[in-house]
Amino acid sequence: MVKKLLLAVIGGLSVATLLIGLTVAGGWYGLRWYAQQPVALAADAEFVISRGDHLGRVVERLAAANVVRYPKLFALFARLEGAAADLHAGEYLISPGTTNSQLLTKFITGDIRDYSITLVEGLTLKELLVALNQHPKLVQPMTLAELRTAIKPDIEGVPETENLEGLFFADTYRFPAGTAVSDVLDRAHEQLKSVLNQEWAGRADGLPYQSPYQALIMASIIEKETGVPSERPDIAGVFVRRLEKKMRLQTDPTVIYGLGERYAGKLNRSMLRELTPYNTYRISGLPPTPIASVGRDAINAALNPASGQSLYFVARGDGTHHFSNTLSEHNQAVRKYQITERREDYRSTVN
């Protein structure tokens, strides 16, 4: 009798234990199944985790935005994964097909959405600031005066000047939402220093530059003179030979830069005669600062000019230039491309 009772008790405990085990196992596999289910989205959606947001708050907003089904299961899954305190603040892009597990991994690794802005070659610093200040995902816009205080250039040859023109590398920069304008400009300045130093180290021999900064000034003029990549070394060759022969550069972009807001789209004789620090029809040598932002190609061209004898060039009207060795040949080319055979669709840049 006692033996039968003992076996019954043992048997009952075994069944109970088995039932509990099966329940736990079923719950675990059910949670694993849930983790591999896609989020409840039909289109891409943005989701922001703010600084200080705890798991409960994040899950509430995921449910309110119809991102996840069964939010309590998502919260349980996150806790079992040990991720409750590891969610990174930031803006996330969630796509249809993303699983609950992949979504949690995004939050844990901080796979936040990034944005980009392209600082275009040939733009002035004022134009770059407008583009940066107007970007919807950048914060803390800056004025030129604030920038002069924030950035302390340490490029070899930079004079004591408040003009920071040309000291920010033209390139595409990626950043998360909420990045300060100054952070992008810091990166652009550091990138310029890095590229300029690399190119300066590989420069051709015998160039008429006393410092990397002077090469940067030349690169900015080249950048403004042509939009045809293959012409940059030829443009550089003309200007380098003119410097070597003590000839004035006589380049319109520097005159335009010196006029500032007074330039309305067309140069006249009085503008070309006006003495400014940037009027290379009136001054000898390089202007005091760059006149625009530059990319690597323009810097490389300034430091590796094409060989040859040309001392002049004139726009053909299709965005390219005709190069001449003598003033007589140049005058003939000017007459041809600017007067007698001037194109009806004349343009100074390549479309």
Side-chain angles (χ1 to χ4, degrees), residues 88-91 109-204 207 209-224 229 232 236 257 286-304:
H88 284 71
E91 183 178 300
T109 60
D111 182 18
I112 58 178
R113 183 178 188 180
D114 62 356
Y115 295 86
S116 68
I117 188 168
T118 299
L119 305 185
V120 179
E121 294 96 332
L123 293 186
T124 64
L125 180 54
K126 184 177 180 180
E127 291 168 332
L128 291 183
L129 272 182
V130 169
L132 288 163
N133 289 340
Q134 291 181 348
H135 195 288
K137 297 299 180 178
L138 290 172
V139 299
Q140 300 174 17
M142 300 188 75
T143 64
L144 279 172
E146 290 169 338
L147 182 59
R148 294 185 189 108
T149 302
I151 300 291
K152 301 299 182 185
D154 57 355
I155 294 173
E156 183 183 344
V158 176
E160 290 289 336
T161 177
E162 293 186 347
N163 189 341
L164 303 181
E165 192 69 73
L167 297 183
F168 304 92
F169 190 66
D171 202 356
T172 297
Y173 298 89
R174 305 196 70 83
F175 54 87
T179 297
V181 167
S182 60
D183 288 345
V184 177
L185 287 168
D186 281 338
R187 289 169 56 193
H189 182 57
E190 291 301 315
Q191 183 71 355
L192 176 76
K193 289 194 294 183
S194 175
V195 171
L196 185 58
N197 288 337
Q198 291 170 17
E199 295 294 336
W200 179 258
R203 69 191 182 277
L207 295 174
Y209 312 130
Q210 301 303 311
S211 67
Y213 186 65
Q214 288 192 347
L216 182 63
I217 294 172
M218 177 64 82
S220 74
I221 298 173
I222 296 166
E223 198 76 81
K224 293 296 287 185
R232 289 184 178 120
Y257 184 84
L286 294 165
T289 73
I291 60 172
S293 60
V294 303
R296 183 185 287 272
D297 288 347
I299 296 174
N300 182 270
L303 291 168
N304 296 277

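Owing to the predicted nature of the structure, the values given are computational and were not obtained by experimental measurement.
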Pair listing, side-chain hydrogen bond (donor to acceptor under 3.5 Å, both in side chains) test, anchored in residues 211-220, at least two apart: none
Taking it one step at a time, do H189 and D154 satisfy side chain to side chain contact (heavy atoms under 4.5 Å, CB included)? CA-CA 10 Å; H189 182 57; D154 57 355; 4.2 Å; yes
Minimal heavy-atom distance between L128 and V120, with the atoms involved, is CD2-N, 4.2 Å
Heavy-atom check, side chain of I155 versus side chain of L167, under 4.5 Å: yes
Under a 3.5 Å threshold, yes or no: a donor from one side chain and an acceptor from the other, between Q198 and S194? yes
Student check: side-chain heavy atoms of L119 and F169 closer than 4.5 Å: no
Verify the neighbour count for atom CD of E127: are there more than 12 heavy atoms of other residues, nucleotides or ligands below 6.0 Å? yes
From T118 atom OG1 to D171 atom CG, the distance as rounded to the nearest 0.5 Å: 8.0 Å
Can a donor-acceptor pair be found, under 3.5 Å and without considering hydrogens, that links the side chain of N133 to the backbone of M142? yes
Heavy-atom pair with the smallest gap, counting every atom of N304 and G202: OD1-O, 3.6 Å
Measuring from atom CG of L123 to atom NZ of K126, what distance do you get when rounded to the nearest 0.5 angstrom? 13.0 Å
Give the C-alpha distance, both sets of side-chain angles, the deciding distance and a yes or no for side chain to side chain donor-acceptor pair (under 3.5 Å) between Y257 and E165. CA-CA 11 Å; Y257 184 84; E165 192 69 73; 2.9 Å; yes
From R113 atom CZ to K137 atom NZ, the distance as rounded to the nearest 0.5 Å: 7.0 Å
V181 to P141 - nearest heavy-atom pair and separation: CG2-CA, 4.0 Å
A219 and A302: which non-hydrogen atoms are nearest, and at how many Å? N-CB, 3.9 Å
Would you check if the side chain of S293 reaches a backbone N or O of L125 as a donor-acceptor pair within less than 3.5 Å? no
Residue of the set V184, I151, L192 for which side chain to side chain contact (heavy atoms under 4.5 Å, CB included) holds with F168: I151
Y209 side chain to M218 main-chain N or O, any donor-acceptor pair under 3.5 Å? no
Distance-only, no hydrogens or angles: does the E223 side chain make a donor-acceptor pair with backbone N or O of G295 under 3.5 Å? yes
So does R187 pair up with E190, basic N to acidic O under 4.0 Å? no
Locate the shortest heavy-atom distance separating I222 from A236; write the atom from each residue and the value. CD1-CB, 3.5 Å
Closest contact, heavy atoms only, A177 versus E91: CB-OE1, 3.7 Å
Parallel, tilted or perpendicular: which fits the ring planes of F175 and H135, with parallel below 30° and perpendicular above 60°? perpendicular
Step-by-step side chain to side chain contact (heavy atoms under 4.5 Å, CB included) determination, L129 to L185: CA-CA 9 Å; L129 272 182; L185 287 168; 3.9 Å; yes
